[in-house]
Q: 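Below is a structure I'd like to ask you about.
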Amino acid sequence: MQRFNSFQSINVFSLELETWTYELHKHNFYELIFVEEGKGKHLLNEISFSYKKGDVFLLTPDDAHEFVIEEKTIFTYIKFTEQVFIEKLSANKKTQWEESLKNVLTMNQFNIGSIIENEQDNHNLFLLVRILKAEFIDKRLFGDEAVIELFGALMVIITRNLNENKNIRNRFSHDTEKLNNILTYIRINALDNEKMDIENIARHFFMSSNYISIYIKKHTGLSLQQHIIQLKLKTAEKLLRQKRFNINEIAIRLGFNDASHFNRIFKKYKAMSPSEFIKNTA
């Protein structure tokens, strides 16, 4: 998985995109994403949900994500590291700033979707982030101080919302834990056809086979079978790059019926045959 790195304490910018060109990735920094315009899907830690104008997402270095853009989207990003906290604390050692920061970065673990639900706070946040971006870009006298103070105000509003929405997040926590357990089980056993039998998966998690299929689709946007196929194809790509096994051997190893079945599935999802994939990676 690709990982983007930044060593700036804070960076603020906007992107206008019609298509998303970045594969599933993680960062070495925290990231606030403000959706100024547009709509589509956000895949965050294997959970897919819709995004729209006005949504705000908070990502930690442990989060893996990507977007699927349905309408041209303007994203405004605030990327930041722990260094910005140090800078803020050195400028203002009083109040509950340090505690607020801890809350923001630990309470988001069960958040699903936009982190701001209060309409007035959402409006104020988007005003703040536009002023913050202008100060960051202009580099005027006392600009660094203005950026830090505006960032502080922004984080306090986010902290307030995360605290007010704690009960909502707790309702999601059980589902999130169960979903992660199912997806982990699939990742570990994807190449074991017996364990990947839907009846066996359902039995393992004390669910009916019909319900577990609906459950996975509802929370991730992908069917159980799609998850299994994508995991197999990721393994197939690695084996094809290594060139240690021929296509028929890879098909058998990955549990496809035969090379023809493997070719058909690979081409459907990758828009090229396994042999074409090998040529392109030569």
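Hydrogens, waters and symmetry mates are skipped; everything else that's a heavy atom, side chains included, is used.
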Q: Are K79 and E31 ion-paired here, with the side-chain N under 4.0 Å from a carboxylate O?
A: yes
Q: Using the ring centroid of each side chain, check whether F206 and H204 are separated by less than 6.0 Å.
A: no
Q: Can you check whether L59 reaches L44 side chain to side chain, under 4.5 Å on heavy atoms?
A: yes
Q: Is the shortest side-chain N to carboxylate O distance from E237 to K270 below 4.0 Å?
A: yes
Q: Less than 3.5 Å apart, any donor N or O on the side chain of H227 or T220 sitting next to an acceptor on the other?
A: yes
Q: With a 3.5 Å cut-off and no angle check, do the side chains of Y51 and S114 form a donor-acceptor pair?
A: no
Q: Can we call the ring centroids of F34 and F75 under 6.0 Å apart?
A: no
Q: Taking the side chain as C-beta and beyond, is there a heavy-atom pair between L222 and K217 under 4.5 Å?
A: no
Q: Is the F80-F151 ring centre distance short of 6.0 angstrom?
A: yes
Q: Decide yes or no on salt bridge (charged side-chain N to carboxylate O under 4.0 Å, His left out) for R244 and E249, but give the supporting numbers first.
A: CA-CA 10 Å; R244 291 176 54 199; E249 289 171 330; over 6 Å; no
Q: What about F13 and F136, are their ring centers closer than 6.0 Å?
A: no
Q: Same cluster or not: are F205 and I214 linked, directly or through other Ile, Leu, Val, Met, Phe, Trp or Tyr residues, by side-chain heavy atoms under 4.5 angstrom apart?
A: no
Q: Is E16 close to E36 at the side-chain level, that is, under 4.5 Å between some pair of heavy atoms?
A: no
Q: Side chains of Q120 and N124: any donor to acceptor distance under 3.5 Å?
A: yes
Q: With side chain to side chain contact (heavy atoms under 4.5 Å, CB included) as the test, would you mind laying out the steps for R160 and I157 before giving the verdict?
A: CA-CA 5 Å; R160 179 171 66 200; I157 292 174; 4.1 Å; yes
Q: Got a sec: does the NZ of K139 have more than 12 other heavy atoms crowding it under 6.0 Å?
A: yes
Q: Should the pair K232 and F256 be classed as cation-pi, given the thresholds of under 6.0 Å to the six-membered ring centre and 45° from the axis?
A: yes
Q: Y215 ring centre to K178 NZ or CZ under 6.0 Å, with the angle to the axis within 45°?
A: yes
Q: Over all heavy atoms of both residues, which pair between I198 and S213 is shortest? Give the atoms and the distance, please.
A: CD1-OG, 2.8 Å
Q: Mind listing the closest non-hydrogen atom pair of N263 and P274 along with its distance?
A: OD1-CD, 3.0 Å
